[in-house]
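Take a look at the structure set out below.
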Amino acid sequence: MDIGTIDRAVSTALNESNVLQKLVEETTKKKSNMKPIKGISRLKVTDLRPPEISLTLSPGVGLFMAVLVRMTIAGRSFIGGNMEIKVAANLTASARLAQDSQGCPWFSTKSCRIALLSAKTNLPSNMLPQVVSKFLDSSLQKVLPSLLCPAVDAVLNLMNAKFTTMTSTIPLGTAGTLRYALLNPPVTSETFIQLDLRTILHKEEGEVVDLPADQLSPTSLPPKREAATQLILSAGFLGAELSVMQASFSLNISNNMILGLPPLVTTMLGALIPELSMVLPPSQPLVIEMRETNPPLVTITPDKTIVHLFSTAEFWVSSPDSDLGSLFVLDVHSDLRAHFAVVEERLQLSLALDSLSQVALASSSIGTFDELPLNRVLADIIHVAYVPSINRALRGGVPLPPLLGTPYRWAEVSQLQNGLVLDVPVTEI
């Protein structure tokens, strides 16, 4: 996470939620535990300017923020009449970034200090002798921390609430659920915060999907681009995500089901494999059942991403007048080229047939035969019917981890060895 992403999140929390304004209004109400400014009664803040925020990261600690606050405090002066004090103060705070019990990043205030830069009143200088002026400055120095430092806790709590959404359970349609959590405590450098995430995937029936142990190591990752928040997804994660969805890949393909399919009838099989014409009745409609038998495997190189599917293609005679039923089953290993895009904060996959790397006869009720002549027809069937069906099942996309409101729609997607890189330019945030 780039410092620019964090800067935007802090500025949003301060400005959009009016944290300072609300805290100042609450604090200046008459309370028994409030420290008053001596010599001024009926205290209230009449003008609070938008804060000027400067953030830096503290390596090994977390976040350091400096906030310039300008406001006008009004009240009833002890010397009579209304009094206004235009105050400029510098708030500096340090926040520690750690990991909570739920595996979520968590900011907590380490320190908060207030330095009074100036305090100007609307009273003429002859009405405010130097000793009174020093007394006023001293009084403000005591009051301002209780007035402004609670804003740091409030802002960090708002950011923590954003982080909490990262560990929320995300439904994957009807196929299962996904949850992100920290694998290790956050690591803070001078320019970015590194979050090493683990994913918890559950199938619909509650079964946990095991992720491959060979995750990307930090030393294999590319250098982070300047002024960009970078998300890297491992090939193992994408494969596990597809394994949750694989039950929805099943498809029964029949004759005339889709324009462009070859005729799915027994005569077609007999024409390709002459010995089958001796045992099959002519012109009987066929149904091909495509089922996934093993979890998909994803391989990623800088040039391409391949999704390896391990399927069975079972050929049936679907005529009610036939007693043949299941004819034979083919084991099919198909390689699908994957293309990626980010749509509505989700990673979208679009698959296209690259090749059939293996087709083998697994079982047959009509005797053994050479399955090689079926390869071309099977490739056409997978290309025209099966892959488009899988793409429809994948339309929901892969939910990406919410990171302080990072807008993934601006992400530039690239590939590295065994991983996918999403770079979100801070200028677009």
Side-chain angles (χ1 to χ4, degrees), residues 172-176 203 209 233 235-265 268-269 272 285-301 303-316 318 328-344 346-362 371-399 413 415 420:
L172 302 173
T174 58
K203 294 184 178 179
V209 178
L233 304 174
F237 163 69
L238 294 174
E241 181 81 19
L242 290 175
S243 73
V244 173
M245 306 292 294
Q246 76 179 69
S248 60
F249 296 170
S250 300
L251 182 67
N252 291 349
I253 305 168
S254 57
N255 195 33
N256 298 322
M257 175 178 167
I258 296 174
L259 187 67
L261 279 178
L264 298 183
V265 292
M268 177 268 293
L269 291 178
L272 293 171
L286 295 172
V287 171
I288 305 173
E289 290 187 0
M290 299 296 300
R291 300 290 185 269
E292 295 305 305
T293 56
N294 289 303
L297 174 67
V298 177
T299 57
I300 304 177
T301 67
D303 299 322
K304 64 181 179 180
T305 297
I306 296 293
V307 176
H308 306 268
L309 294 185
F310 306 94
S311 320
T312 57
E314 186 169 6
F315 286 69
W316 293 73
S318 64
F328 56 87
V329 179
L330 299 176
D331 282 334
V332 183
H333 176 185
S334 48
D335 296 338
L336 310 182
R337 180 75 72 100
H339 300 277
F340 300 97
V342 177
V343 180
E344 295 181 354
R346 292 186 173 224
L347 180 69
Q348 299 286 343
L349 287 81
S350 176
L351 305 178
L353 181 64
D354 191 70
S355 65
L356 291 184
S357 59
Q358 182 181 351
V359 177
L361 184 64
E371 71 279 355
L372 186 60
L374 288 174
N375 283 17
R376 186 178 182 85
V377 169
L378 190 60
D380 288 342
I381 290 169
I382 291 174
H383 170 66
V384 173
Y386 193 42
V387 173
S389 174
I390 293 174
N391 282 332
R392 287 192 291 273
L394 296 176
R395 278 186 300 196
V398 178
V413 184
Q415 297 165 140
L420 201 66

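Note that the numbering runs from 1 along the sequence shown for the chain. Just so you know, these numbers come straight off a predicted model, no measurement behind them.
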Please tell me if the side chains of [X] and [Y] come closer than 4.5 Å, counting only heavy atoms from C-beta onward.
{"X": "H308", "Y": "D335", "result": "yes"}
{"X": "L269", "Y": "L286", "result": "yes"}
{"X": "L242", "Y": "L394", "result": "yes"}
{"X": "I306", "Y": "R337", "result": "yes"}
{"X": "R291", "Y": "E314", "result": "no"}
{"X": "F340", "Y": "L347", "result": "yes"}
{"X": "I382", "Y": "L309", "result": "no"}
{"X": "L297", "Y": "F310", "result": "yes"}

Kindly say whether [Y] contributes a backbone atom to a donor-acceptor pair with the side chain of [X] at under 3.5 angstrom?
{"X": "N391", "Y": "L351", "value": "yes"}
{"X": "S318", "Y": "P285", "value": "yes"}
{"X": "S350", "Y": "H339", "value": "no"}
{"X": "S357", "Y": "H333", "value": "yes"}
{"X": "E292", "Y": "A247", "value": "no"}

How many angstroms lie between atom [atom1] of [X] and atom [atom2] of [Y], to the nearest 0.5 angstrom?
{"X": "L264", "Y": "I381", "atom1": "CG", "atom2": "CD1", "answer": "5.0 Å"}
{"X": "T312", "Y": "L330", "atom1": "OG1", "atom2": "CG", "answer": "9.0 Å"}
{"X": "R392", "Y": "S248", "atom1": "CZ", "atom2": "OG", "answer": "11.5 Å"}
{"X": "S311", "Y": "Y386", "atom1": "OG", "atom2": "OH", "answer": "4.5 Å"}
{"X": "L349", "Y": "L336", "atom1": "CG", "atom2": "CG", "answer": "10.5 Å"}
{"X": "L378", "Y": "H383", "atom1": "CG", "atom2": "NE2", "answer": "13.0 Å"}

Stepwise side-chain contact (heavy atoms from CB on, under 4.5 Å) test for T305 and L238: CA-CA 11 Å; T305 297; L238 294 174; 5.6 Å; no
[X] versus [Y], closest heavy-atom pair with distance:
{"X": "K203", "Y": "S243", "value": "CE-O, 4.1 Å"}
{"X": "A313", "Y": "M290", "value": "CB-SD, 3.6 Å"}
{"X": "L172", "Y": "M245", "value": "O-SD, 4.3 Å"}
{"X": "V307", "Y": "P296", "value": "CG1-CB, 4.3 Å"}
{"X": "T301", "Y": "Q415", "value": "O-CB, 3.3 Å"}
{"X": "P262", "Y": "N255", "value": "O-OD1, 4.2 Å"}

